[in-house]
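Report on the following structure.
Below, chain A is the first sequence line, B the second, and so on; all start at residue 1.
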There are 2 protein chains.
Amino acid sequence: MSSRRGRPPAYDREAALIAIAEAFRVRGYAAASLEEIARAAGMNRPSLFAAFGNKKAMYLAALEDYRRRMRVAVSPALEGDGALSKVLVDFFDAVIAFYHEGTAPGCLVLCTAPAEALADKEIGRALADLITEIEEQLRRRILRAADEGKGVRDPAGLAQLMLATLTGVAIHARAGVKQANLKRFARANIAAAMPGTG
Amino acid sequence: MSSRRGRPPAYDREAALIAIAEAFRVRGYAAASLEEIARAAGMNRPSLFAAFGNKKAMYLAALEDYRRRMRVAVSPALEGDGALSKVLVDFFDAVIAFYHEGTAPGCLVLCTAPAEALADKEIGRALADLITEIEEQLRRRILRAADEGKGVRDPAGLAQLMLATLTGVAIHARAGVKQANLKRFARANIAAAMPGTG
DNA sequence: CTCATTTTGTACCATCTTGCATAAAAATCA
DNA sequence: TGATTTTTATGCAAGATGGTACAAAATGAG
């Protein structure tokens with residue numbers, strides 16, 4: 001008996017996934033070579049293959065882990081108890097900070113998956129799933145505020161506007177808009193979508 | 001004197017640019033091979049190179065032409081004289097129709113350039129330029145409505161919301177959302193962003 | 001008709017890419 | 001220590017890719 005036989009892995013799976021996601025996020029799926037990915041993860045290709053499968057499996061695993069980390073990064077802000085406009089401001093601040101972790105700005109999913117979504121149905125589904133999850137989280141939180149009598153006019157419409165704002169933030173960040181301006185963009189959208197609130 | 005010496009080109013430059021843009025739009029920049037592009041354009045690679053330069057030059061030329069065609073496709077709706085909400089609905093209907101021309105949905109610029117924008121500054125600038133142009137067109141039209149006393153509460157904020165809605169439409173289309181639902185999405189965003197207007 | 005000019009099409013090259021085969025290394029078990 | 005198991009590391013093979021050289025084809029000029 002024992003935990004594991006054989007030579008122990010020299011890599012940490014979660015750290016490797018973060019490095020893989022970072023390589024794909026900066027270069028895009030098709031342009032990122034396995035050589036670059038292996039170097040970023042501090043592994044060599046055979047180890048990469050043994051751990052995560054082929055390139056597409058690596059990408060899908062990185063997408064899934066990225067989505068989980070994003071959820072962890074933004075959930076606290078979204079589950080806060082303040083005024084809805086403040087909750088949304090905090091949510092976008094968390095999103096923007098998350099999109100600026102690492103060496104370059106942008107969202108792994110929203111900036112790299114669309115290019116591949118047509119040629120590969122699994123990638124397309126991963127993209128659609130993330131969008132659906134974010135929209136549902138936003139709608140759930142906004143409906144909660146509406147139920148609490150916070151005077152939300154059109155909960156579903158507001159959720160869609162905030163979802164659109166999120167895609168805008170992701171694309172704008174990739175186009176070089178600075179964090180401060182992204183935050184202004186988010187605040188302006190929240191204010192314009194919630195007239196009458198602060 | 002004369003117009004042109006030598007063997008006449010067998011291709012039409014505008015038709016070739018449309019075919020090149022279509023190949024890049026469906027497959028993405030990095031994943032589209034010159035073989036595919038040549039086949040799509042009905043040319044062979046040496047002719048492609050002579051006409052448009054290397055792969056990146058082809059992509060930049062396709063981006064520019066696509067941007068011009070999009071401008072042509074949506075300007076009539078945006079310059080209409082009806083109520084602002086109707087103008088915006090017509091604008092998004094034109095955008096959605098334009099994004100569904102060809103064999104697959106999506107925006108060449110917003111769906112494929114973000115993946116490359118970090119590794120290539122020229123592509124990044126092309127992406128930023130398109131976003132800036134669209135935002136300016138939206139803001140100009142909304143300010144005009146405000147000047148005409150149409151009761152627009154926050155013109156700049158509304159323009160940003162509509163810009164975000166546009167990126168949302170592009171990404172959603174790529175993720176497989178059907179045209180009818182994209183139109184609903186746009187209408188819901190317009191209604192939520194312009195409360196009080198029918 | 002001949003020449004100069006421009007485009008086309010075939011073939012090619014150097015490089016990169018993905019994926020794997022295989023041997024060395026590092027650990028556990030007996 | 002020796003056998004077994006799992007990971008690492010070097011290197012390789014098959015194929016795809018971007019880009020080009022070069023000859024044939026098609027036009028206008030003289």
Applying ring pair (Phe, Tyr, Trp, His ring centres under 6.0 Å) to B:Y59 and not counting sequence neighbours gives B:F24, B:Y29

side-chain contact (heavy atoms from CB on, under 4.5 Å) filter on B:T132, not counting sequence neighbours, yields B:E136

If each end axis of the helix from C:dC1-D:dG30 to C:dA30-D:dT1 is fitted on five C1' pair positions, the angle between them, to 10 degrees, is 0°

B:L48 CG to D:dT17 P, in whole Å, measures 15 Å

To the nearest 0.5 Å, atom CG of A:L110 lies from atom CG of A:L127 at 6.5 Å

Contacts of A:R39 meeting salt bridge (Lys or Arg N to Asp or Glu O under 4.0 Å) (sequence neighbours excluded), chain-then-number -> none

The correct set of residues in residues 111-126 of chain A placing a heavy atom under 4.0 Å from DNA chain C is none

Worksheet item: Counting heavy atoms not belonging to B:K150, are there more than 12 under 6.0 Å from its NZ?
Response: yes

Tightest non-hydrogen contact, residues B:A192 and A:L161, listed as CB-CD1, 3.5 Å

Residues 160-187 of chain B vs salt bridge (charged side-chain N to carboxylate O under 4.0 Å, His left out), sequence neighbours excluded, gives B:D93-B:R187

In numerical order, the residues of residues 30-39 of chain B whose heavy atoms come under 4.0 Å of DNA chain D are B:A32, B:S33, B:L34

Sorted by chain and number, sequence neighbours left out, ring pair (Phe, Tyr, Trp, His ring centres under 6.0 Å) with B:Y66 holds for B:F98

Is any side-chain N of the basic residue among B:D65 and B:R69 closer than 4.0 Å to the acidic one's carboxylate O? yes

4.5 Å side-chain heavy-atom contact, B:V152 and B:L143: no

Does a side-chain N-to-carboxylate-O contact under 4.0 Å join B:E64 and B:R67?
-> no

Separation of D:dT10 atom P from A:F49 atom CZ, nearest Å, is 17 Å

Separation of C:dC16 atom C1' from A:R27 atom CZ, nearest Å, is 12 Å

Closest non-hydrogen contact found for A:I20 with A:M58 is CG2-O, 4.3 Å

What residues 12-26 of chain B contributes to the DNA chain D interface at heavy-atom separation below 4.0 Å is none

A:K55 NZ to C:dC20 P, in whole Å, measures 15 Å

5' to 3', nucleotides 2-11 of chain C under a 4.0 Å protein heavy-atom cut-off (B base, S sugar-phosphate only, - none) gives --BBBBSBB-

For B:E122, the salt bridge (Lys or Arg N to Asp or Glu O under 4.0 Å) test, sequence neighbours excluded, returns B:K56

Hits for salt bridge (Lys or Arg N to Asp or Glu O under 4.0 Å) against A:D81, two or more places apart or cross-chain, chain-then-number order -> A:R144

- Can a salt bridge be assigned to the pair A:R125 and A:D129 using a cut-off of 4.0 Å between side-chain N and carboxylate O? no

